[in-house]
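I have placed the structure first, in the form of structure tokens, so that the comments after it can refer back to it.
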Amino acid sequence: MKSFFITFEGPEGSGKTTQINFLTEYLQEKGLEIFQTREPGGTLIGDKIRKILLDQENIEMDPVTEIFLYEAVRVEHVKKKIVPALKSNKVVISDRYYDSTLAYQGFARGLPPEQVETCNHFAVGDVHPQLTILLDVTTDVSAERVEKRGYIDRIESEGKSFHEKVRNGFLKIAENEPDRFIVIDGTKSIEDIREVIRKEVTRRFNID
Ligand code: Z5A
């Protein structure tokens, strides 16, 4: 049995959930066991903290409080779900992980990137994804897709310049780690993106 860890990153509405569902289905057809998860969330405590993080009423939250809440969710997630799943030979696919913290709390919110990385490291130890798929969409495409969904959360309600910093932050993070990342234009068709992801995952993890 193969066990590996893949994360999906990107601005909101970039198509992560859509593509994660396709990838899960594809790998299951290949006989692999999948643990599909997301951040913030993935555990009982994580889901409770998720509500606090995304609640519009908490608009005044201090950025330091915010990062510690995301990291608290991550500690629970890594220790109680991700590590046990990897140990039992499952493929872990997570919708967001520590790159989101660097993009949102670091590049966009303005916390010093080195401190964000220290916090990330403290939360995850040596549990790193082997592959991170960044779905890149412009701020306008992202806003359009989120608007269609009909509701917006605390983070989505930030202005355009915040979301531009998030997007550019992700691109910079990917540029710094070209071996771990693949960057895909998230405005291509759903089918085209699905094929690129299938090919890359098949090649990287020797799926027959
Ligand atoms: N956050 C943070 O600040 N710090 C952290 O450390 C972490 C997270 C871990 C979580 O939001 C928020 O927390 C997020 C970052 C912050 N901020 N925001 N805002 P979430 O989990 O509720 O949601 P999300 O991850 O931001 O995105 P999403 O709404 O789940 O979208 P998605 O999964 O990327 O996209 P989707 O649901 O697959 O697709 C959205 C729509 O677009 C849907 O109608 C699709 O049919 C359509 N779609 C998808 N692909 C395409 C293509 N290729 N073409 C056309 N239409 C498409």
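For the numbers below, each heavy atom of this structure counts, side chains included, while hydrogens, waters and symmetry mates do not. This one's a predicted model, so the numbers in the text were calculated from it and none came from an experiment. In listed order, ligands and their atoms are each counted from 1.
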In the protein, what heavy atom is nearest to [atom], and what distance, to one decimal place, separates them?
atom: atom 46 (O) of ligand 1; value: Thr18 OG1, 4.4 Å
atom: atom 6 (O) of ligand 1; value: Thr101 OG1, 2.6 Å
atom: atom 51 (C) of ligand 1; value: Ile190 CG1, 3.5 Å
atom: atom 30 (O) of ligand 1; value: Thr17 OG1, 3.5 Å
atom: atom 19 (N) of ligand 1; value: Glu156 CG, 3.0 Å
atom: atom 31 (O) of ligand 1; value: Gly13 N, 3.1 Å
atom: atom 2 (C) of ligand 1; value: Tyr70 CZ, 3.2 Å
atom: atom 10 (C) of ligand 1; value: Pro40 CD, 3.8 Å

Exercise. Which heavy atom in Ala123 sits nearest to a heavy atom in Glu71, and how many Å separate them?
Worked result: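 Residues Ala123 and Glu71, closest heavy atoms: CB-OE1, 3.3 Å.
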
For this session: Measure across Asp47 and Gly42 and return the closest heavy-atom pair with its distance rounded to 0.1 Å.
Result: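 Distance-wise, the nearest heavy atoms are OD1-N, 3.4 Å.
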
Nearest heavy atom to [atom] wins, so pick from [options].
atom: atom 52 (C) of ligand 1; options: Arg145, Arg154, Arg50; value: Arg145
atom: atom 14 (C) of ligand 1; options: Arg96, Gln19, Glu9, Glu39; value: Arg96
atom: atom 25 (O) of ligand 1; options: His163, Lys16, Glu12; value: Lys16

Yes or no: does [X] have any heavy atom under 4.0 Å from an atom of ligand 1?
X: Lys148; answer: no
X: Gly10; answer: no
X: Arg149; answer: yes
X: Lys188; answer: yes

Exercise. Is Ile193 touching ligand 1 with its side chain, its backbone, both, or neither, if touching means heavy atoms under 4.0 Å apart?
Worked result: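 Side chain only.
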
Exercise. At under 4.0 Å between heavy atoms, which part of Leu53 makes contact with ligand 1: side chain, backbone, both or neither?
Worked result: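 Answer for Leu53: neither.
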
For this session: List every atom of ligand 1 that sits less than 4.0 Å from any heavy atom of Arg74, numbering the atoms from 1 in the order shown and giving each element.
Result: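 Near Arg74, the atoms of ligand 1 are 6 (O), 9 (C).
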
Exercise. Counting each atom of ligand 1 from 1 as listed, which ones have a heavy atom of Gln105 under 4.0 Å away?
Worked result: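 Heavy-atom distances to Gln105 below 4.0 Å select 2 (C), 3 (O), 4 (N), 5 (C), 6 (O).
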
Exercise. Less than 4.0 Å between atom 44 (O) of ligand 1 and some protein heavy atom, yes or no?
Worked result: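 Protein heavy atoms within 4.0 Å of atom 44 (O) of ligand 1 - there are none.
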
For this session: Mark whether atom 37 (O) of ligand 1 lies under 4.0 angstrom from at least one protein heavy atom.
Result: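 At least one protein heavy atom is under 4.0 Å away.
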
Exercise. If two hydrophobic side chains count as joined below 4.5 Å and joins carry through other members, does Phe4 share a cluster with Val92?
Worked result: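 In one cluster with Phe4: Val92, no.
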
Exercise. Given the rule that I, L, V, M, F, W and Y join up when any side-chain heavy atoms are under 4.5 Å apart, are Val116 and Phe122 in one cluster?
Worked result: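 No, Val116 does not connect to Phe122 through the hydrophobic network.
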
Exercise. With ring centroids as reference points, do Phe170 and Phe107 lie under 6.0 angstrom apart?
Worked result: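 Centroid separation for Phe170 and Phe107: 6.0 Å or greater.
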
Problem set entry | Centroid separation His128 to Tyr98 less than 6.0 Å |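 Yes, ring centres under 6.0 Å apart.
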
Counting N and O atoms only, with roles assigned by atom type, does the side chain of [X] sit under 3.5 Å from a partner on the main chain of [Y], one being a donor and the other an acceptor?
X: Asn168; Y: Glu164; value: yes
X: Ser142; Y: Thr138; value: no
X: Thr202; Y: Arg198; value: yes

Can you find a side-chain donor-acceptor pair between [X] and [Y] that sits under 3.5 Å?
X: Thr24; Y: Gln36; answer: yes
X: His163; Y: Glu158; answer: no
X: Glu39; Y: Ser94; answer: no

Problem set entry | Any N or O of Gly15 closer than 3.5 Å to N or O of ligand 1 |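 In this structure, Gly15 places an N or O atom under 3.5 Å from an N or O of ligand 1.
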
Exercise. Do the side chains of Tyr97 and Thr132 get nearer than 4.5 Å, heavy atoms only?
Worked result: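 Not in contact.
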
